Participant: 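One structure, pasted below without further comment.
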Amino acid sequence: KLNFSAPMRSKKWHIAPMDIFLMIIGCIMILVGIVGSVLPILPGPAICYAALWLQQMRDDRPFTSKFLIIWGIILLVIIGLDYIVPVIGTKKFGGSKYGVWGCVLGFLATFWLGPWGIIIGPLAGAFIGEMIYSNNTHIAIKAAMGSFLGFLISSLLKIIACMAMGYYLAMSIWQTF
């Protein structure tokens, strides 16, 4: 919720240069955060959340503490889901415990390789885990695809959260003018 109790500006449309700078940096951070929602190497939602906090340095302090705390909680949930959803996808697509553990171990073994490691690691790990368990290529491919679908779903959640934070930032800038 935006803070509508902030002091009203005069009709001269005078905005401090530092406020304009903070608005521009906030917009850039939102764009980087949206890109970071797809590229696993950048913490997209965290960058967008930092952009909201940065706006609190403006003269009009556009957000309430309650608003920022709620978005902080949402951020923590999204970070948790980012690690859990690929594992759930593996399980839902028929993966065994071996496939689920393969998904987790594949992530841990390759996340340092950047975006490709975060995408390919869980996929390959789920596939290898299922091959060890059942030696059935069909089941292994299904489990690996479940892991990949989980990655896509978690990316979509991050994009939605970043777009929502971008909306609130844009509205706070709009209200300034």
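Nothing here was measured: the structure is a model prediction, and the numbers come from that model.
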Participant: Glu130 side chain to Ile139 main-chain N or O, any donor-acceptor pair under 3.5 Å?
Facilitator: no

Participant: Between Tyr83 and Val85, is there shared hydrophobic-cluster membership here, with clusters defined by ILVMFWY side-chain heavy atoms closer than 4.5 Å?
Facilitator: no

Participant: Working to the nearest 0.5 Å, report the span between SG of Cys162 and CE of Met165.
Facilitator: 5.0 Å

Participant: Please round to the nearest 0.5 Å and tell me the distance separating atom CE of Met23 and atom CD1 of Ile28.
Facilitator: 13.5 Å

Participant: If you take all heavy atoms of Pro62 and Gln55, which pair is closest and at what distance?
Facilitator: CD-O, 3.3 Å

Participant: Side-chain contact, heavy-atom cut-off 4.5 Å: Trp71 with Phe63?
Facilitator: no

Participant: Show your reasoning for whether side chain to side chain contact (heavy atoms under 4.5 Å, CB included) applies to Leu123 and Phe127.
Facilitator: CA-CA 6 Å; Leu123 190 119; Phe127 180 81; over 6 Å; no

Participant: Could you walk me through whether Tyr98 and Ile128 pass the side chain to side chain contact (heavy atoms under 4.5 Å, CB included) check?
Facilitator: CA-CA 9 Å; Tyr98 284 78; Ile128 292 168; over 6 Å; no

Participant: To the nearest 0.5 Å, what is the distance between CD1 (Ile160) and OG (Ser155)?
Facilitator: 11.0 Å

Participant: Does the side chain of Asp19 come under 3.5 Å of the side chain of Thr176 through a donor N or O and an acceptor N or O?
Facilitator: no

Participant: Distance from Asp60 atom CG to Ser172 atom OG, nearest 0.5 Å?
Facilitator: 7.5 Å

Participant: Angle class for the Trp53/Tyr49 ring planes (parallel below 30°, perpendicular above 60°, tilted otherwise)?
Facilitator: perpendicular

Participant: Does any part of the side chain of Met171, heavy atoms only, come nearer than 4.5 Å to the side chain of Tyr167, both counted from C-beta?
Facilitator: yes

Participant: Is there side-chain contact between Phe21 and Ile24, with heavy atoms separated by less than 4.5 Å?
Facilitator: no

Participant: Within this structure, what is the CG-CG distance for the pair Leu54 and Leu169, rounded to the nearest 0.5 Å?
Facilitator: 9.0 Å

